[in-house]
Amino acid sequence: MLFAESFADRETPACDRLVLPYDARRKSRQRVTLASGEEMGYVFPAGTVLRHGDRLLTGNGRVVAVEAAPEALLEVCAGDPLQLIRAAYHLGNRHVPVQLGERSLLIQADHVLAEMLLGLGCVVSEVEAPFDPEGGAYGAHAHGDAHAGGHDGHDYRPERPGATSDAHHPGHGPHRSPAKIHEFR
């Protein structure tokens, strides 16, 4: 059995794939089956989320690409950008993982949230698609990788193990270093 020990650069060619839905990619330690049928295990710090496009480095130097598996989701559309922003606000206020699109939002299927969104005037459709939601503003700062889905080279998703952060929000993961405070005059 393979054992993933760390992350490789996202540009590194992979020899196998790990295809998992979002809830499984949120588990920081588990035994999984790769696309080839080979078994692999990993143990990462609590709170680590495997993101679509990540590369895992095994103890023997092999690289495994992480892919988001298609799953049952709700696609949220609105008549105008303000209405979509309002929907995103209400979902964020409930700490719901949300994948942002140019004209829509994707969330995991939930009939209560669907009713709330319909009440806000949104159009809600059931879809099956890979789910790779935003990582959260307090998880990290940009680390300079232009590949990470960012258009400006910034990736605001959680940092990889061993990285440091200069942002912290109580109750949102381990505290790594104090927040920088700026005085404005």
Side-chain angles (χ1 to χ4, degrees), residues 7-14 17-28 35 44 47-56 63-161 163 165-169 171-173:
F7 291 87
D9 183 270
R10 287 177 149 223
E11 303 303 319
T12 305
R17 300 175 350 209
L18 174 60
V19 183
L20 295 172
Y22 178 66
D23 285 339
R25 289 183 286 118
R26 291 175 49 184
K27 295 180 181 178
S28 56
F44 292 121
T48 300
V49 176
L50 299 180
R51 310 306 306 206
H52 180 82
D54 279 348
R55 299 288 193 265
L56 303 177
V63 175
V64 175
V66 176
E67 295 181 13
E71 56 187 292
L73 302 172
L74 297 178
E75 181 180 44
V76 182
C77 297
D80 61 67
L82 182 60
Q83 189 178 29
L84 194 60
I85 291 169
R86 185 175 291 115
Y89 168 81
H90 285 284
L91 291 167
N93 198 35
R94 288 159 179 78
H95 301 278
V96 174
V98 177
Q99 182 173 328
L100 304 174
E102 285 188 38
R103 295 189 172 109
S104 65
L105 307 172
L106 288 176
I107 63 171
Q108 291 174 308
D110 181 303
H111 71 280
V112 173
L113 293 174
E115 290 298 320
M116 177 195 73
L117 293 162
L118 290 168
L120 292 171
C122 296
V123 175
V124 180
S125 306
E126 294 179 356
V127 298
E128 187 164 314
F131 186 53
D132 198 31
E134 291 293 307
Y138 294 104
H141 281 280
H143 60 274
D145 294 337
H147 65 274
H151 304 289
D152 57 3
H154 293 83
D155 181 7
Y156 296 99
R157 295 177 176 178
E159 292 183 35
R160 292 290 147 234
S165 172
D166 49 347
H168 175 70
H169 187 272
H172 288 84

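When a residue number appears, it is its place in the shown sequence, counting from 1.
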For [X], check side-chain contact (heavy atoms from CB on, under 4.5 Å) against everything at least two apart and list the hits.
X     : result
Glu71 : Pro21, Tyr22, Leu73, Gln108, Phe131
Arg86 : Leu82, His90, Leu120
Glu67 : Arg17, Val19, His52
Ala8  : Thr12, Arg55, Leu57, Val63

Nearest heavy atoms of [X] and [Y], plus distance in Å:
X      : Y     : result
Leu117 : Ala87 : CD2-CB, 3.7 Å
Leu84  : Val76 : CD1-O, 3.7 Å
Gly121 : Gln83 : O-NE2, 2.9 Å

Residues that Asp110 engages under salt bridge (Lys or Arg N to Asp or Glu O under 4.0 Å), provided they are two or more places apart: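 Salt bridge (Lys or Arg N to Asp or Glu O under 4.0 Å) check on Asp110 returns nothing, list empty.
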Test side chain to side chain contact (heavy atoms under 4.5 Å, CB included) applied to Met116 and Leu91, step by step: CA-CA 9 Å; Met116 177 195 73; Leu91 291 167; 3.9 Å; yes
Heavy-atom side-chain contact between Leu56 and Leu50 under 4.5 Å: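 Yes, their side chains come closer than 4.5 Å.
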Contact check, side chains of Leu106 and Leu74, non-hydrogen atoms, under 4.5 Å: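 Not in contact.
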Gln99 side chain to Asp132 backbone, donor-acceptor under 3.5 Å: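 Side chain of Gln99 to backbone of Asp132: a pair is present.
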Passing candidate, side-chain contact (heavy atoms from CB on, under 4.5 Å) with Leu20, options Arg25, Lys27, Arg26: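 The side-chain contact (heavy atoms from CB on, under 4.5 Å) with Leu20 is passed solely by Arg25 among Arg25, Lys27, Arg26.
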